[in-house]
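Structure record follows, encoded as structure tokens.
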Amino acid sequence: MKVVALTDLGLVRENNQDCFDVKILSDNTAIAVICDGMGGNKGGEIASNIAVKTIFEELVSNYKENYSLKETEYLLVKAAGLANEKIFNYSLKNPKYFGMGTTLIIVLIQGNLLHIVNVGDSRAYLIINNSINQITKDHSVVQQLLESGEITLSQARRHPNKNIITRALGISSSVDVDYFQTTINSREKIFLCTDGFSNYVDDDKILELVNNISFENLATECVTFAKNAGGEDNITVVVLEK
């Protein structure tokens with residue numbers, strides 16, 4: 001198991017509201033969490049940090065390698081719910097942060113199984129040889145417009161509302177999460193990013209970057225590419241290779 005990861009302020013923002021953590025627990029098990037906070041007055045930064053810390057503590061303390069699929073799903077969804085509760089309660093006690101929230105991707109590699117939980121528009125891709133598949137689905141206004149056929153993919157990339165998400169962790173007392181489970185084999189990669197990267201890079205370009213840059217330099221080069229393309233948001237990229 002290998003991992004590279006990097007977060008960057010970008011070229012415009014005054015503080016980094018992205019947060020991530022990655023831990024390889026064994027040769028067969030790894031956990032990654034990536035969040036993109038939202039909320040003025042550093043609220044997004046607080047929300048994303050609470051989420052990553054809470055989820056990591058929950059998973060590292062409680063995960064067992066012999067867990068069944070259902071037990072693993074329950075643990076991941078429970079961890080997301082606990083983070084949601086902590087962020088929401090923090091905002092209730094600190095009114096200037098009310099309404100803060102964060103996107104969320106949790107990845108757990110369990111042998112040849114890949115588990116993913118997501119909320120918001122941070123993304124998880126599975127890259128197999130010369131193919132790339134976006135596993136998560138954006139919870140966003142633009143995604144809804146795409147699915148209804150009101151806009152095309154090219155219109156979505158430059159839509160003025162592309163940063164408006166329809167679900168986030170911490171903005172209410174409960175949250176709906178998506179859960180995905182698939183297989184991951186040797187040499188396959190899971191590519192995670194916040195929208196500070198995906199807003200500038202389409203799927204074909206991600207695949208090109210992955211296939212033409214050494215694994216050790218991949219996160220750095222991806223962040224550099226997004227900054228050169230505009231860098232108007234915080235940028236985070238995490239890549240794991242089975």
Side-chain angles (χ1 to χ4, degrees), residues 1-8 18-36 48 51-80 83 103-118 122-136 177-194 197-198 201 203 206-225 235-242:
M1 198 89 68
K2 298 191 297 184
V3 59
V4 289
L6 184 65
T7 188
D8 192 276
D18 288 1
C19 186
F20 77 90
D21 203 352
V22 186
K23 188 175 182 67
I24 297 174
L25 300 179
S26 70
D27 290 341
N28 294 312
T29 308
I31 298 170
V33 180
I34 185 171
C35 292
D36 177 1
S48 62
V52 171
K53 182 181 179 185
T54 300
I55 290 165
F56 246 78
E57 288 177 350
E58 182 73 9
L59 298 185
V60 172
S61 298
N62 296 300
Y63 173 72
K64 303 291 188 297
E65 290 202 17
N66 62 351
Y67 267 4
S68 67
L69 292 178
K70 280 297 179 184
E71 287 172 322
T72 303
E73 178 183 356
Y74 176 80
L75 179 64
L76 297 176
V77 173
K78 178 186 174 185
T103 69
L104 171 67
I105 299 277
I106 308 173
V107 166
L108 172 62
I109 298 175
Q110 182 188 40
N112 287 331
L113 291 175
L114 175 63
H115 305 266
I116 297 177
V117 165
N118 90 290
S122 295
R123 294 181 178 179
Y125 295 88
L126 182 60
I127 298 175
I128 305 172
N129 298 322
N130 290 314
S131 68
I132 182 169
N133 176 44
Q134 182 180 333
I135 299 175
T136 56
V177 305
D178 287 349
Y179 167 79
F180 304 90
Q181 181 259 311
T182 186
T183 58
I184 182 168
N185 297 305
S186 179
R187 308 290 294 175
E188 296 177 356
K189 298 177 180 68
I190 181 74
F191 187 103
L192 313 176
C193 61
T194 57
F197 178 79
S198 60
V201 189
D203 292 6
I206 294 173
L207 191 59
E208 180 185 331
L209 290 167
V210 169
N211 286 337
N212 289 283
I213 297 171
S214 67
F215 186 83
E216 292 73 18
N217 296 322
L218 186 54
T220 301
E221 292 297 323
C222 284
V223 167
T224 298
F225 184 90
I235 306 157
T236 301
V237 171
V238 176
V239 191
L240 299 104
E241 183 177 286
K242 179 74 169 64

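Going from atom CG of Leu209 over to atom OG1 of Thr224 covers 10.5 Å, rounded to the nearest 0.5 Å. Here the NZ atom belonging to Lys242 is positioned 9.0 Å from the CG atom belonging to Asp27, to the nearest 0.5 angstrom. The CG atom of Leu6 sits 10.0 Å away from the SG atom of Cys222 when rounded to the nearest 0.5 Å. To the nearest 0.5 Å, the span separating CD1 on Ile128 from CG on Asn133 amounts to 7.5 Å. Between the CZ atom of Phe191 and the CD1 atom of Ile132 there is a distance of 7.0 Å, given to the nearest 0.5 Å. In this structure, SG on Cys193 lies 7.0 Å from CZ on Arg123, to the nearest 0.5 angstrom.
With hydrogens and angles disregarded, no donor-acceptor distance shorter than 3.5 Å links the side chain of Glu221 to the backbone of Leu218.
Under the side chain to side chain donor-acceptor pair (under 3.5 Å) criterion, Lys189 pairs with Glu241, sequence neighbours left out. Among residues two or more places apart in sequence or in another chain, the side chain to side chain contact (heavy atoms under 4.5 Å, CB included) test is passed with Thr103 by Asp36, Asp121, Ser122, Ile165. Residues satisfying the salt bridge (Lys or Arg N to Asp or Glu O under 4.0 Å) test with Glu57, not counting sequence neighbours, are none. Scored by the side chain to side chain donor-acceptor pair (under 3.5 Å) test, Ser131 finds no partners at all (sequence neighbours excluded). Residues satisfying the side chain to side chain donor-acceptor pair (under 3.5 Å) criterion with Asp178, sequence neighbours excluded, are His139, Arg167. Annotation: side chain to side chain donor-acceptor pair (under 3.5 Å) contacts of Asn212 (sequence neighbours excluded): none. Annotation: side chain to side chain contact (heavy atoms under 4.5 Å, CB included) contacts of Ser214 (sequence neighbours excluded): Glu216, Asn217. For Ser26, the side chain to side chain contact (heavy atoms under 4.5 Å, CB included) test picks out Asn28, Thr29, Glu65, with sequence neighbours left out. Partners of Lys70 according to the salt bridge (Lys or Arg N to Asp or Glu O under 4.0 Å) rule, which considers only residues two or more places apart in sequence or in another chain, are Glu73. With sequence neighbours left out, Lys53 forms a salt bridge (Lys or Arg N to Asp or Glu O under 4.0 Å) with no residue at all. In this view, Cys19 and Ser48, Asn49, Val52 satisfy the side chain to side chain contact (heavy atoms under 4.5 Å, CB included) rule, not counting sequence neighbours.
Contact check for Leu108 versus Leu76: side-chain heavy atoms found under the 4.5 Å cut-off. Residues Ile31 and Ile55 are not in side-chain contact: their nearest non-hydrogen atoms beyond the backbone lie 4.5 Å or more apart. At least one side-chain heavy atom of Gln134 sits less than 4.5 Å from a side-chain heavy atom of Thr136. With a 4.5 Å cut-off on side-chain heavy atoms, Ile105 and Val33 do not count as touching.
Residue Val238 comes nearest to Ala5 through the heavy atom pair CG2-CB, 3.8 Å, listed as atom of the first residue, atom of the second, then distance. The shortest non-hydrogen separation linking Asn129 to Asn211 is O-OD1, 3.7 Å. Across all non-hydrogen atoms, the minimal contact from Ile135 to Phe180 is O-CE2, 3.5 Å. Looking at every heavy atom in both residues, Cys35 comes nearest to Thr194 through O-CG2, 4.1 Å. Between Asp21 and Phe56, the shortest heavy-atom contact is O-CE1, 3.3 Å. The minimum heavy-atom distance linking Leu192 with Ala124 is given by the pair CD2-CB, 3.5 Å.
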Could you pull out every donor-acceptor pair under 3.5 Å between side chains of residues 109-118 and any protein atom, sequence neighbours left out?
unit_1: Gln110; atom_1: OE1; unit_2: His115; atom_2: NE2; d: 2.7
unit_1: Gln110; atom_1: NE2; unit_2: Tyr63; atom_2: OH; d: 3.1
unit_1: Gln110; atom_1: NE2; unit_2: Tyr67; atom_2: O; d: 3.2
unit_1: Gln110; atom_1: NE2; unit_2: Thr72; atom_2: OG1; d: 3.2
unit_1: His115; atom_1: ND1; unit_2: Tyr179; atom_2: OH; d: 2.7

| side chain to side chain donor-acceptor pair (under 3.5 Å) between Asp203 and Tyr125, intermediate numbers included | CA-CA 9 Å; Asp203 292 6; Tyr125 295 88; 3.2 Å; yes

| request: Show the numbers, then the answer: is there a side-chain contact (heavy atoms from CB on, under 4.5 Å) between Gln181 and Leu69? | output: CA-CA 9 Å; Gln181 181 259 311; Leu69 292 178; 4.1 Å; yes

| query | Yes or no on side-chain contact (heavy atoms from CB on, under 4.5 Å) for Asp8 and Thr236, after CA distance, side-chain angles and deciding distance? | reply | CA-CA 6 Å; Asp8 192 276; Thr236 301; over 6 Å; no

| Which is it for Val237 and Thr220 under the side-chain contact (heavy atoms from CB on, under 4.5 Å) test, yes or no, and what are the steps along the way? | CA-CA 8 Å; Val237 171; Thr220 301; over 6 Å; no

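Figure legend: Lys2 and Phe215 shown as a cation-pi pair, the cationic atom lying under 6.0 angstrom from the six-membered ring centre and within 45 degrees of its axis.
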